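Have a look at the structure below, then the notes.
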Amino acid sequence: MKIATWNVNSLAVRLPQVLAWLTANPVDVLGLQELKLTDDKFPHDAFEMAGYQSACFGQKTYNGVALISRHPLEGVVRNMPGFEDEQARIIAATVQTPTGPLRVIDGYFVNGQEPGSEKFAYKLRWLAALTAFVRAELAVHPRLVLLGDFNVTPDDRDTWDPEGLRGTIHHTPEERAHFQELLSLGLCDSFRLFEQPEKTFSWWDYRMLGFQKNRGMRIDHILVSDALRGSVTACTVDRAPRKNKQPSDHTPVVATLAP
């Protein structure tokens, strides 16, 4: 079984790219972020024609998340219960896979703008709420995957300029501490279960030839619960879509789980 995450930076613009990628890479579950469209504009029919069910949580112009699945989606939750938030950033559902139910939480984590800003304070509140939400979900769903655009580099290996960017947004001790808190709940970073090429990133700035010079960050992650850890056989970053005409600034991350 393959599970993927991809911040598409406007599904209206990049729907053909997503459908083409799914044809070439028929994953079981795909979490999308930054849809930038409302629920009534979501292309459920296009995904259904491609053999996928879908559940979305959209927002005009900004944010938005969706789960695309070859298997039935049940128990859909939008946003985090008990955390008031006008932004569409979380969708969770139980995927009824042939090997049993799998709870998938797809998140478009807060960017935070810059340390010390109001948006950064919101990011830290949001991350604390997420930790509580995931803890509660794990208590009910031991087979759980948390994926999405985390907007956090877990450590210095995950950024092109660790010294020059130290303490800047995505690289602060506070953000990285929250990432570690998620792991301490009983999750692991599937990418780091394997030997990986150095300077493997999932996001590159559109400006200053960021992709061509590999000046990127690994901020898109797939975390799996302890119950699934032993079944993960691979986790890779697919750089190919970043070479598309009018690409997203992110590219897919794919984890493979054995039956």
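A quick note: this is a predicted structure, and the numbers were derived from the prediction, not measured.
A heavy-atom distance below 4.5 Å is not found between the side chains of His250 and Trp204. The side-chain heavy atoms of Val18 and Val8, taken from C-beta on, include a pair separated by under 4.5 Å. The side-chain heavy atoms of Leu187 and Leu138, taken from C-beta on, include a pair separated by under 4.5 Å. Inter-residue side-chain proximity for Val104 and Leu147 is flagged as met; some heavy-atom pair is nearer than 4.5 Å.
By the salt bridge (charged side-chain N to carboxylate O under 4.0 Å, His left out) test, Arg78 is found to be paired with no residue, residues two or more places apart in sequence or in another chain being considered. Partners of Ser69 by side chain to side chain donor-acceptor pair (under 3.5 Å), not counting sequence neighbours: none found. Residues satisfying the side chain to side chain contact (heavy atoms under 4.5 Å, CB included) criterion with Arg70, sequence neighbours excluded, are Pro26, Tyr52. Every residue two or more places apart in sequence or in another chain that forms a ring-ring contact (aromatic ring centres under 6.0 Å, His included) with Phe150 is listed here: Phe109, Phe179, His221. For Ser10, the side chain to side chain contact (heavy atoms under 4.5 Å, CB included) test picks out Ala12, Val13, Arg14, Lys36, with sequence neighbours left out. Residues forming a salt bridge (charged side-chain N to carboxylate O under 4.0 Å, His left out) with Asp161 (at least two apart in sequence, or on another chain): none. Judged as a side chain to side chain contact (heavy atoms under 4.5 Å, CB included), and not counting sequence neighbours, the contacts of Glu181 are Thr131, His178, Ser184. For the side chain to side chain contact (heavy atoms under 4.5 Å, CB included) test, residues two or more places apart in sequence or in another chain that qualify with Thr236 are Val254.
Sorted by first and then second residue, the pairs that involve residues 95-105 and meet side chain to side chain donor-acceptor pair (under 3.5 Å), not counting sequence neighbours, are Glu74-Gln96, Thr94-Arg103, Thr97-Thr99, Arg103-Glu137. Pairs engaging residues 113-130 under the salt bridge (charged side-chain N to carboxylate O under 4.0 Å, His left out) rule: Lys123-Glu175 [sequence neighbours left out]. Counting only residues at least two apart or on different chains, the ring-ring contact (aromatic ring centres under 6.0 Å, His included) pairs with a member in residues 9-46 are Trp6-Trp21, Phe42-His44, Phe42-Phe47.
Residues Gly107 and Val65 come closest through the heavy atom pair C-CG1, 4.3 Å. Listed here is the closest heavy atom pair of Ile222 and Ala255: CD1-N, 3.7 Å. For Cys235 against Ser190, the heavy-atom pair with the smallest separation is SG-OG, 3.4 Å.
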*Begin with the C-alpha distance, continue with both residues' side-chain angles, and end with the deciding distance and a verdict on side chain to side chain contact (heavy atoms under 4.5 Å, CB included) for Asp28 and Leu102.*
CA-CA 11 Å; Asp28 294 86; Leu102 180 71; over 6 Å; no
_Run Asp158 and Arg192 through salt bridge (charged side-chain N to carboxylate O under 4.0 Å, His left out) and show every step you take._
CA-CA 11 Å; Asp158 300 311; Arg192 289 297 175 205; 2.7 Å; yes
_side-chain hydrogen bond (donor to acceptor under 3.5 Å, both in side chains) between Gln33 and Thr5, intermediate numbers included_ = CA-CA 8 Å; Gln33 305 89 43; Thr5 180; 2.9 Å; yes
_Criterion side chain to side chain contact (heavy atoms under 4.5 Å, CB included) on Val224 and Cys188, from CA distance to verdict_ = CA-CA 5 Å; Val224 302; Cys188 68; 3.4 Å; yes
*Report the C-alpha distance between Val77 and Ile105 in whole Å, list the side-chain angles of each, state the deciding distance to 0.1 Å, and finish with yes or no for side chain to side chain contact (heavy atoms under 4.5 Å, CB included).*
CA-CA 9 Å; Val77 172; Ile105 303 173; over 6 Å; no
*Take Trp160 and Asn214 through the side-chain hydrogen bond (donor to acceptor under 3.5 Å, both in side chains) test and state the conclusion after the steps.*
CA-CA 7 Å; Trp160 71 277; Asn214 201 28; over 6 Å; no
*Evaluate the salt bridge (charged side-chain N to carboxylate O under 4.0 Å, His left out) criterion for residues Asp156 and Arg176: first the C-alpha distance (whole Å), next the side-chain angles of each, then the deciding distance (0.1 Å), finally the verdict.*
CA-CA 10 Å; Asp156 287 352; Arg176 290 178 171 179; 3.1 Å; yes
_salt bridge (charged side-chain N to carboxylate O under 4.0 Å, His left out) between Asp249 and Arg242, intermediate numbers included_ = CA-CA 7 Å; Asp249 45 358; Arg242 190 58 173 81; over 6 Å; no
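With rounding to the nearest 0.5 Å, the separation of CZ in Phe133 from CZ in Arg135 is 13.0 Å. Summarising the geometry, atom CG belonging to Leu182 is positioned 6.0 Å from atom CG belonging to Leu185; distances are rounded to the nearest 0.5 Å. Between the CD1 atom in Ile3 and the CG atom in Leu257 there is a gap of 5.0 Å [rounded to 0.5 Å]. With rounding to the nearest 0.5 angstrom, the CZ atom of Phe57 is 10.5 Å from the CG atom of Leu35. Within the model, atoms OG of Ser54 and CD1 of Ile91 stand 9.0 Å from one another, a figure rounded to the nearest 0.5 Å.
A 6.0 Å sphere centred on CZ of Arg166 holds more than 12 heavy atoms belonging to other residues, nucleotides or ligands.
Asp149 contributes a side-chain N or O that, together with a main-chain N or O of Asn151, makes up a donor-acceptor pair within less than 3.5 Å. Remark: the backbone N or O of Gln113 is paired with a side-chain donor or acceptor of Asn111 at under 3.5 angstrom. Under the 3.5 Å distance criterion, the side-chain polar atoms of Ser225 are left unmatched by any main-chain donor or acceptor of Val145. A donor-acceptor contact shorter than 3.5 Å links the side chain of Gln17 to the backbone of Gln246. For Thr172 (side chain) and Ile169 (main-chain N/O), no donor-acceptor pair under 3.5 Å exists by modelled atom type. Remark: side-chain polar atoms of Thr153 are not paired, donor with acceptor, to backbone N or O of Thr159 under 3.5 angstrom. In this structure, Arg215 contributes its side chain and Asp205 its backbone to no donor-acceptor pair below 3.5 Å.
In this structure, Asp106 does not pair ionically with Arg89, as no charged nitrogen and carboxylate oxygen lie closer than 4.0 Å.
By the rule that hydrophobic residues join a cluster once side-chain heavy atoms approach within less than 4.5 Å of another member, Leu22 and Leu67 end up as members of separate clusters.
Remark: Arg218 is not positioned above the aromatic ring of Phe201, lacking an NZ or CZ atom under 6.0 angstrom from the ring centre and at most 45 degrees off the axis.
Judged purely by distance below 3.5 Å, without hydrogens or angles, the side chains of Tyr206 and Asn9 pair a donor atom with an acceptor atom.
Applying the under-4.5 Å side-chain rule to Ile, Leu, Val, Met, Phe, Trp and Tyr, the cluster around Met217 extends to Trp203, Ile219.
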